[in-house]
Amino acid sequence: MALTPLDIQNKAFSTKMRGYNQDEVDDFLDQVTKDYEDSLQKVRELEKSLKHAEEKLQYFNELKDALNQSIIVAQDTADKVKSSATKESEVIVTSAENTANEMVSNAERRSNALITAAEDKATEILTEATDRARQLAAETDDLKKKTRVFHQRLNLMLETQLEQVKSEEWNDLLKPFSSYVSDSHTVIQEVLSKELTGGLETGETGAIPVVGSEEATTVSSLEDAKKLNDELSESLEFLDSKSATEE
């Protein structure tokens, strides 16, 4: 059993002849007791500090284990989150690629449809324009043919009427009425003389018309026919020049 300061202080020694000085021994024991108490106090304090340190050490060890566990859990959670994020990003990228491919395909189909429709419309317009041009060309040729036939017929008719106008029958018709009256018809000659004299007295200088209304209408028709012939000639020349320009 360990000594206590009280044991040291109460320690008694027997005396013998020529033994140690009792006062010096007592003083030494008092000093030893004091030092021993100090040492015990320090030991108690050290034990207390050690216990406190051990408690702290145990706390920190527990905290370290908890932190390690938390780190492990956090690492596991981070790995799971990372894996989930990676999978989600792959899904998003795949979906985006599919959507982009679908949009590109739709755009290509629409562009191809628009191009096809435009080509078909252009072909239709070109075909209609070609058919219309051919129709116009055919109508123009037909009109030219009809105009030429009409011109030929009109020209032939005019030439025939001109030949008739130049015939001797017209000269006979256009002779004055007095030329048909012989010297034996004295009464008619007197009437004609009076008519001529009366016309001169009233200031009339024109001769007595001997051409009937039907003959005057024929002459007017001939003049109109000539004008129409000139106009048709100009129209034919214009059509010929336009056709040559188009060709």
Main-chain N/O of Thr86 paired with Ser89 side-chain donor or acceptor, under 3.5 Å: yes
Quick one: list whatever passes salt bridge (Lys or Arg N to Asp or Glu O under 4.0 Å) with Asp131, sequence neighbours left out. none
Output the distance between atom CG (Leu67) and atom CG (Leu63), rounded to the nearest 0.5 Å. 4.5 Å
Ser49 OG to Glu54 CD distance, which is reported to the nearest 0.5 Å: 11.0 Å
Indicate, with yes or no, if Leu40 and Val32 share a hydrophobic cluster defined by side-chain heavy-atom contacts under 4.5 Å among Ile, Leu, Val, Met, Phe, Trp and Tyr. yes
Main-chain N/O of Val91 paired with Ser95 side-chain donor or acceptor, under 3.5 Å: no
Taking the side chain as C-beta and beyond, is there a heavy-atom pair between Leu143 and Glu139 under 4.5 Å? no
Side-chain heavy atoms of Leu156 within contact of Arg153, under 4.5 Å: no
Is there side-chain contact between Glu62 and Gln58, with heavy atoms separated by less than 4.5 Å? yes
Hey, could you give me the NE2/CG distance between His151 and Leu158, rounded to the nearest 0.5 Å? 9.0 Å
Please round to the nearest 0.5 Å and tell me the distance separating atom NZ of Lys42 and atom CG of Asp35. 9.0 Å
Would Lys34 and Asp38 satisfy salt bridge (charged side-chain N to carboxylate O under 4.0 Å, His left out), going step by step from the backbone distance to the final call? CA-CA 6 Å; Lys34 184 179 179 182; Asp38 292 339; 5.7 Å; no
Hydrophobic clustering (ILVMFWY, side-chain heavy atoms < 4.5 Å, transitive) - are Leu46 and Tyr36 grouped together? no
Is any side-chain heavy atom of Asn98 closer than 4.5 Å to one of Glu102? no
Verify, without hydrogens or angle tests, whether Asn112 (side chain) and Glu108 (backbone) share a donor-acceptor contact under 3.5 angstrom. yes
Output the distance between atom OG1 (Thr147) and atom CD (Gln152), rounded to the nearest 0.5 Å. 11.0 Å
Quick check on the hydrophobic clustering: are Met157 and Val149 connected, directly or via other members, by side-chain heavy-atom contacts under 4.5 Å? no
Under 3.5 Å, is there a donor-acceptor pair between the Gln75 and Asp79 side chains? yes
Once salt bridge (Lys or Arg N to Asp or Glu O under 4.0 Å) is applied, do any residues pair with Lys82, and if so which ones, sequence neighbours excluded? none
Rounded to the nearest 0.5 angstrom, the CD1-OG1 distance for Ile71 and Thr77 is 12.5 Å
Contacts of Lys145 meeting salt bridge (Lys or Arg N to Asp or Glu O under 4.0 Å) (sequence neighbours excluded), chain-then-number -> none
Asp76 side chain to Ile72 backbone, donor-acceptor under 3.5 Å: no
